[in-house]
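Notes for the one structure printed next.
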Amino acid sequence: MTPDVRDRVDRPARGRVGTAEPPECRVAESAWARALELISRADKVALACHVSPDADALGSMLATGFVLRSMGKRVVASFGDRRFDVPRLLRFLPGQDMLTPPESFPAAPELMITFDSASADRLGLLRPNAAAAREVIVVDHHPSSSGFGTVGLVDPDAAATAMLVEQLILRLGGALDRDIATCLYAGLVTDTGSFRHSSTTPAAHRMAARLVATGLRTDEIARELWDRSPFGYLKVLAAALDRVVLGDGLVWTYVTRVDRAAYGLPYAELEGIIDIVRRTDEAEVAAVLKEDDEGAWQVSTRSKGTVDVGAVCAALGGGGHHNAAGFTSHESVEKTMARFRELLRKV
Ligand code: AMP
Ligand code: MN
Ligand code: MN
């Protein structure tokens, strides 16, 4: 049976009782058509996702890479971190042989596709490569998407970039196999907070059903993503929780390079700390400042809904979503938090 793309992309079921569908995918048909044309013409495609990749960024990129390779295209995939290292918790994703360090990424690709990056800044070292590329297809779901690139497959209503990638794959005539589905599921399940966030639409669940039907192991993926860590994580978490501060509806803490060095804990292992801090009943907003290997503070922020942390972080040079956003600070912890608090009062 040939899969029918139109059937698979979750068009709104108008008039059906009890459906609470989001509006039709916000990507214009003309943008899909242009993207398909550029891809079908290309022999080589260069893929890039945002720096410090999460599962949605890396999974979306690798899933696309699998499909392009099966179409006979030469694929390079990368992200522009100074230290090119796939976070341990994403090493289970298949297709890592496609990855190449940013230094070996084509300087001026004919066709580049970016994933989960709202702006060219988020490409880090690969920003100049995108600027020099002939065509750049941007696949993203951030409301703050800056409109960079030459073709935008951007839908702020999509729960994950992986949802747009599934559509792209099906429109390219590709099929979901277990490897592709594993990559996409990792993106979908993390960006929806395991189907807990308000972004979890019927379309997100239906996509999950299609992915799980390929035979992927949801239990193994969950274990890789959330249920394991090196022993040092517990010690660093203990230090972070020991310094946690609550006041004026904000709960926050920080983790230094020195905390991590004592246990040889890589920066990427800190991702889950915000999920523990943000559970605080007394706080509407949570923040965790994480010092990276270069000494900059990467700030993760979360809101329970009334505050738009995406707007606050955008004002601080970062970005993200209404309830989950981040920014980078080169100032001290105290100054960073003073600026964050000041903006929180204004929104
Ligand atoms: P995180 O706290 O790292 O899980 O990030 C939450 C959200 O904020 C994600 O959607 C990121 O894309 C976005 N984000 C995090 N850090 C930055 C940054 N420095 N600049 C722009 N967006 C960011
Ligand atoms: Mn992301
Ligand atoms: Mn995402």
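Start at 1 and go down the list; that is how both ligands and their atoms are numbered. The structure displayed is predicted, hence computed values, not measured ones.
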Q.
I need the full list of side-chain hydrogen bond (donor to acceptor under 3.5 Å, both in side chains) pairs touching residues 186-195, with sequence neighbours left out, sorted by first then second residue.
A. H141-D191
Q.
Does the structure place the NZ or CZ of R243 under 6.0 Å from the centre of the six-membered ring of Y254, at an angle of no more than 45° from the ring's axis?
A. yes
Q: Report, as yes or no, whether the 6.0 Å neighbourhood of atom CZ on R83 holds more than 12 heavy atoms from other residues, nucleotides or ligands.
A: no
(Q) Using 2.8 Å as the threshold, say whether any N, O or S atom from D191 sits that close to the Mn ion (ligand 3). (A) yes
Q | Nitrogen or oxygen atoms of K290 and ligand 1 under 3.5 Å apart | A | no
Q. Any idea which N/O/S atom from D116 gets closest to the Mn ion (ligand 2)?
A. OD2
Q.
Geometry only, no angles: is T301 polar-contacting ligand 1 at N/O separations under 3.5 Å?
A. no
Q. Which protein non-hydrogen atom lies closest to atom 15 (C) of ligand 1, naming both residue and atom, and how far is it?
A. G326 CA, 3.5 Å
Q | atom 20 (N) of ligand 1 - nearest protein heavy atom and its distance | A | G318 CA, 3.5 Å
Q: Examine all N, O or S atoms of H141, backbone included, and report whether one is under 2.8 Å from the Mn ion (ligand 3).
A: yes
Q. Is ligand 1 less than 4.0 angstrom away from at least one heavy atom of T328?
A. yes
Q: Check the side chains of E135 and T150 for a donor-acceptor pair under 3.5 angstrom, ignoring hydrogens and angles.
A: yes
Q. Less than 3.5 Å between some nitrogen or oxygen of H142 and one of ligand 1, yes or no?
A. yes
**Q.** Closest D54 atom to the Mn ion (ligand 2) [N, O or S only]
**A.** OD2
Q: Give a yes-or-no answer on whether the side chains of S60 and T161 include a donor-acceptor pair shorter than 3.5 Å.
A: no
Q. Under 3.5 Å, is there a donor-acceptor pair between the D140 and H142 side chains?
A. yes
